[in-house]
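Right, one structure below, let's go through it.
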2 protein chains.
Amino acid sequence: MDMDERKLKILQAIIQNYMETGEPVGSRTISKYTDLNLSSATIRNEMSDLEDMGYILQPHTSAGRIPSDKGYRLYVDTMLEKKDREVADIKDLFLEKTDKLETVLKQVARLLSENTNYTTLVSKPKYEHKKVKFTQLSMVNETQLLVIIVIEGNIVKDKFVNLTEPIEESQVPQINFLLNTALDGLDLTEINMALIHKMKEQAGQYAGVVGVILDAIAAAVAEEDDYVMITSGATNILKYPELSDKEKATKLLSILEEKDTLSHWINASGDDTDHNIQVYIGDESPVEAMKDCSVVTATYHIDEGVYGKIGIVGPKRMDYEKVVGTLENTMKQLDAIFKK
Amino acid sequence: MDMDERKLKILQAIIQNYMETGEPVGSRTISKYTDLNLSSATIRNEMSDLEDMGYILQPHTSAGRIPSDKGYRLYVDTMLEKKDREVADIKDLFLEKTDKLETVLKQVARLLSENTNYTTLVSKPKYEHKKVKFTQLSMVNETQLLVIIVIEGNIVKDKFVNLTEPIEESQVPQINFLLNTALDGLDLTEINMALIHKMKEQAGQYAGVVGVILDAIAAAVAEEDDYVMITSGATNILKYPELSDKEKATKLLSILEEKDTLSHWINASGDDTDHNIQVYIGDESPVEAMKDCSVVTATYHIDEGVYGKIGIVGPKRMDYEKVVGTLENTMKQLDAIFKK
DNA sequence: GTTAGCACTCGCTTTGATAGAGTGCTAATC
DNA sequence: GATTAGCACTCTATCAAAGCGAGTGCTAAC
């Protein structure tokens, strides 16, 4: 038994109807559904075939059919029509290019979740392999320094350092210079024990201070894992009956609140240049609690090698056309903003 | 009709039983409940009185009684026993005093929500009336500067500034000095249009640059409102049947996600020195969506005049003793850490 | 003042009956 | 050979009736 044009049309009709209503779709519904003028009996035969092929399934004997994961997959792969989706101009959110990246990402997340009525995840960009642009030391008092580290992509990290022995204000510029010459152009991953050791040796009289500062820098840089996911519209989950029973909702919301699992997964998927859009349907997602959801992800690029991901989570019957379109548009806008 | 010892005991028994089970409490239950050896009939008479006085109410004619807001209020005001509550040492969360305040607060929130099984809110401290400690300019490239502002309490703000005309590296220290002399010891609220105007005049040849920088500083300082609430354990809400029906849960979780309303309320309540613990039962809370909850708040102090609030949100039948005790202990620990 | 006893109320659960949506199969039709 | 009308069948969802049980209020006795 193989697929033909008519079966595809019927499958599409089932999926579209199910997306709107969330109820199993019966043969009579499809029969009345314009275009293909077929009786419900014929549709029934075709549906029976589609079920055998695994594209749809029946919740119980006397119910209509709903799409299976395989059905959705076919739909997403071959039946999506691309239309231009309007998204409010992100540029307007971005008052100046100097604004905090985090603020912008939060607003993008909010925009997307309000626009789609699904939940939005945004991962802050990873900058593992970025280089140190410069560091800046400031003296707070004679035993405390403030270290500022600026990384490519204008990411700013700050850290206070308590010194074991007091230093003179006049020494600060020298130490600062020492640090900058040593760290200039270094990859963040290169700031490790070996480097710290080596630099201490070169630091001569400042060995002690420099050691403490480097430790602080390493700590500050490592801190990035701290808070890498932004979520918005988590409560949208509760709008969809198939996700909102207590047990599922609790699991989902917990996962969203924790952020750990998500951030691992979403970052693990790696850089797929070209801000490829990926669709994970049900079990295709590696996160157990999301097996009743679909997730659409996209990659945005801030700078060469600095990228993050945006994900939209909704029920399997989410409006893929809208979500994919909206994400594509958003990516285009983000790229335009960052590329300049 | 007035209150006597016995009525109080009965009320207490009702409340405690209801807290455990969440079910209306009947006269027979209380009758079997040790101490006061009274038959269910007597208890019934007393309960009828307590109902007339407004301390308890009946969901329907043939059900037991549940405490009213007034009942809880009496309980909280007069019947709480203080016991020392153990909370994991917060000091251990705090690896060094140099750690980011936000990180610590997040961990405190998490600790509290896990400890109590309720939802925890933490507001970041307001620093409206704090003074500028110093600013530090760094040159990124010839038309871009990085401004760092350090405020009392070691709060660090950063902001990139795009210049309309390029400057020389050698000018940066001079401008920096100019800024520092002018801003040193200023209250943040004093950084306003008038000041900016005045400073521009004094800045002579640097008027343009200084103006742009001051605007940026004003913007950076204003940004604080951005993200002042931390929440943890929001999904705990769903553990309590009286809060977890779809409608209530959606409202509550939305409020928690938005954070705006909460932050207004929790900050509006002002500084009540002595980290006073406040209990809001049901309607006593000004937030409509929380009328089925109770909220316990406490104030922590980071520094003279720099304080934030911690709130714990749960069902009205929350374990007030535990929550109040835990919060008191937590406050003591936080104070000990910050005071030194 | 306390308590035993009893009639009564009311929500929750179970049961059974019914309606309705949908199917699969068969036989007739195109 | 493909399509369709027709029918028996299945399964769920809904509703009412019945019974249960927890709890009450009141009265009369202790």
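What you are looking at is a predicted structure, and each value in this text was computed from that prediction instead of being measured. When reading the values below, keep in mind they use all heavy atoms of this one structure, side chains included, and skip hydrogens, waters and symmetry mates. First the proteins, then the strands, lettered A, B, ... as listed; each starts at 1.
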What do the steps show when you test A:Y280 against A:C293 for side chain to side chain contact (heavy atoms under 4.5 Å, CB included), and what is the final call?
CA-CA 9 Å; A:Y280 300 86; A:C293 300; over 6 Å; no
Would you kindly give the NZ-to-C1' distance between B:K7 and C:dT2, to the nearest whole Å?
14 Å
Go along nucleotides 14-24 of chain D 5' to 3' and tag each nucleotide: B for a protein heavy atom under 4.0 Å from its base, S when only backbone or sugar atoms are that close, - otherwise.
--------BSB
Let me know the distance between CD of A:E46 and P of D:dA2, rounded to the nearest Å.
10 Å
Would you please name every residue forming a ring-ring contact (aromatic ring centres under 6.0 Å, His included) with A:Y18, sequence neighbours left out?
none
Is there any salt bridge (Lys or Arg N to Asp or Glu O under 4.0 Å) pair reaching into residues 280-290 of chain A, and which pairs are they, with sequence neighbours excluded?
A:R73-A:E284
Nearest whole angstrom, please: distance from the C1' of D:dA2 to the CG of A:L36.
15 Å
Rounded to whole angstroms, how far apart are CD1 on A:I43 and P on D:dA2?
16 Å
Within this structure, what is the NZ-to-C1' distance between A:K32 and C:dA21, rounded to whole angstrom?
11 Å
A:M3 and its side-chain contact (heavy atoms from CB on, under 4.5 Å) partner, picked from A:K7, A:E5, A:R6
A:K7
Any side chain to side chain donor-acceptor pair (under 3.5 Å) involving residues 55-65 of chain B? Give me the pairs, sequence neighbours left out, ordered by first then second residue.
B:E51-B:R65
Between B:H60 and B:A41, who's closer to the 5' end of DNA chain C by nearest nucleotide?
B:A41
In terms of side-chain heavy atoms, does A:K246 have a donor or acceptor partner in B:S244 at a distance below 3.5 Å?
yes
Applying side chain to side chain contact (heavy atoms under 4.5 Å, CB included), run through B:S27 and B:M47 and close with a yes or a no.
CA-CA 8 Å; B:S27 54; B:M47 280 167 106; 3.9 Å; yes
Rounding to a whole Å, what distance do you find between A:N37:CG and D:dT3:C1'?
13 Å
May I ask you to list the residues of residues 10-21 of chain A, by number, that have any heavy atom positioned under 4.0 Å from an atom of DNA chain D?
none
Could you tell me whether the side chain of A:T78 and the main chain of A:Y75 form a donor-acceptor pair under 3.5 Å?
no
So, using side chain to side chain contact (heavy atoms under 4.5 Å, CB included) as the criterion, who are the partners of B:E257 when residues are at least two apart?
A:A234, A:T235
Distance check needed: D:dT3 P versus A:D49 CG, whole Å only.
11 Å
